[in-house]
Number of protein chains: 2
Amino acid sequence: MEKMERITPYLFLEEKEAIERQGRVPDEGEIRHLTDFFKMFSDPHRARILSFLRQGELCVGDLAALLDATPSAVSHQLKLLRSVHLVRYRREGKMLFYALADGHVEELLDQGLEHIRE
Amino acid sequence: MEKMERITPYLFLEEKEAIERQGRVPDEGEIRHLTDFFKMFSDPHRARILSFLRQGELCVGDLAALLDATPSAVSHQLKLLRSVHLVRYRREGKMLFYALADGHVEELLDQGLEHIRE
DNA sequence: TTAACAATTGAATATCTGTTCAAATGTTAT
DNA sequence: ATAACATTTGAACAGATATTCAATTGTTAA
């Protein structure tokens, strides 16, 4: 058998390439997207915004009151949530009503809760 | 009709309390756990570690080689992943082999990927 | 058109997070 | 014992992140 180049005492170059070829590990760009997406669930204000929006649409001022935060702080977070398409909004007069973008969001929240509760 | 105390032009105190009573928004402690949990998926190194572990257990040195990172950096991240029970490990000689803690992890990764791909 | 209000924006600051580096721990073989 | 190796740990530094504050945009009503 031919000599194999060792990377660590256990992993051989062939194995490493095999693992990478299997393609179950997203490439750099996709990992970046994925982590940016999950980052949205990793801040208490954002997680609470998403949780509150499960019950229907709310405007920025409502969210600020519910979170006990300033409208500015909430708006900054909503901007991030918009950037990864987790929320959508519609204008009604002076106000912007925000809502969850789709059902995925709730599923994900529930899965997270399931994990930490068990 | 009785006068209601307004919080914002739209949300009334009764509504706010109703929303909070519905209990679909986790309390402070649970939100903290939840965000700490999701935070684990929000760093590229950690996300790649979890992705690589889908294909079977790997030791720290292997992961370091696959990630092109130092064993120290990997170990620090593994410590965080252990802290929220996303990975488990077993010792074999000098090495520690890490594995995903349960199926939840893969489900979550897939849901995240599903969201960003659509 | 002006005033009032809801929300957004950008810059500054304080905090959090991830990596590095050196030292320590645990295991195996000599 | 000692040496060699895999991994962990803690402290220090650099970069990322969330909030605040002041200024701005957009909408409605007088």
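Side chains are part of it too, since the values below use all heavy atoms of this structure and drop only hydrogens, waters and symmetry mates. Every chain is numbered from 1 and lettered A, B, ... according to where its sequence line falls, protein lines coming before strand lines.
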- prompt: Could a donor-acceptor pair under 3.5 angstrom be found where the side chain of B:Ser72 meets the base of D:dT8?
  reply: no
task: Find which nucleotide of DNA chain D each of B:Ala73 and A:Thr70 is nearest to by heavy atoms, and output the residue with the more 5' nucleotide.
output: B:Ala73
query: Looking at the side chain of A:Val60, which of C:dT20, C:dA7, C:dG26 is the nearest nucleotide?
result: C:dA7
query: When the distance from CZ of B:Phe97 to P of D:dA6 is rounded to whole Å, what number comes out?
result: 11 Å
task: Rounded to the nearest angstrom, tell me the gap between atom CG in B:Asp68 and atom P in C:dG18.
output: 19 Å
task: For B:Leu67 and C:dG18, give me the distance from atom CG to atom P, rounded to whole Å.
output: 14 Å
Single-linkage hydrophobic cluster, 4.5 Å side-chain cutoff, A:Leu109 and B:Ile31 together: no
- prompt: Over how many whole Å does the gap from B:Met95 atom CE to C:dA29 atom C1' extend?
  reply: 13 Å
- request: Determine the contact category for A:Tyr98: base if any of its heavy atoms lies under 4.0 Å from a base atom, sugar-phosphate if only primed atoms, P, OP1 or OP2 are that close, otherwise nothing.
  value: sugar-phosphate
query: Should the heavy atoms of other residues, nucleotides or ligands under 6.0 Å from CZ of B:Phe97 be counted, would the total exceed 12?
result: yes
query: Does one side chain, of B:Tyr98 or B:Arg82, offer a donor that lies under 3.5 Å from an acceptor on the other?
result: yes
- prompt: Which word best sums up how the rings of A:Phe38 and B:Phe38 line up, parallel for under 30°, tilted for 30 to 60°, or perpendicular for over 60°?
  reply: parallel
query: Are more than 12 heavy atoms from other residues, nucleotides or ligands located less than 6.0 Å from atom CD of B:Glu28?
result: no
- prompt: Would B:Arg54 and B:Asp110 count as a side-chain contact (heavy atoms from CB on, under 4.5 Å) if you check the C-alpha gap in whole Å, the side-chain angles of each, and the deciding distance to 0.1 Å?
  reply: CA-CA 11 Å; B:Arg54 295 181 76 160; B:Asp110 283 335; 3.0 Å; yes
- prompt: Nearest-Å distance, NZ (B:Lys94) to C1' (C:dT25)?
  reply: 14 Å
statement: Regarding the side chain of A:Leu96, the nearest nucleotide among C:dA7, C:dT17, D:dT7 is C:dA7
field: Exam field: side chain A:Ser75 to backbone A:Ser72, donor-acceptor pair closer than 3.5 Å
entry: no
- prompt: Listed by chain and number, what are the side-chain hydrogen bond (donor to acceptor under 3.5 Å, both in side chains) partners of B:Arg24, not counting sequence neighbours?
  reply: A:Glu106
Selection: residues 75-90 of chain B, any non-hydrogen atom under 4.0 Å of DNA chain C: B:His76, B:Gln77, B:Leu80
- prompt: Can a side chain N or O of A:Arg91 be found less than 4.0 Å away from OP1 or OP2 on D:dG26?
  reply: no
field: Spacing of B:Leu63 atom CG relative to D:dA6 atom C1', expressed in whole Å
entry: 13 Å
task: Output the residues of residues 42-51 of chain B in contact with DNA chain C, where contact means a heavy atom of the residue under 4.0 Å from an atom of the strand; sort by number or write none.
output: B:Asp43, B:His45, B:Arg46
Within 6.0 angstrom of A:His33 NE2, more than 12 heavy atoms from elsewhere: no
message: What is the distance, to the nearest angstrom, from the NZ atom on B:Lys39 to the C1' atom on D:dT17?
response: 10 Å
- request: Measure from CZ on A:Arg32 to C1' on C:dG18 and round the result to the nearest Å.
  value: 12 Å
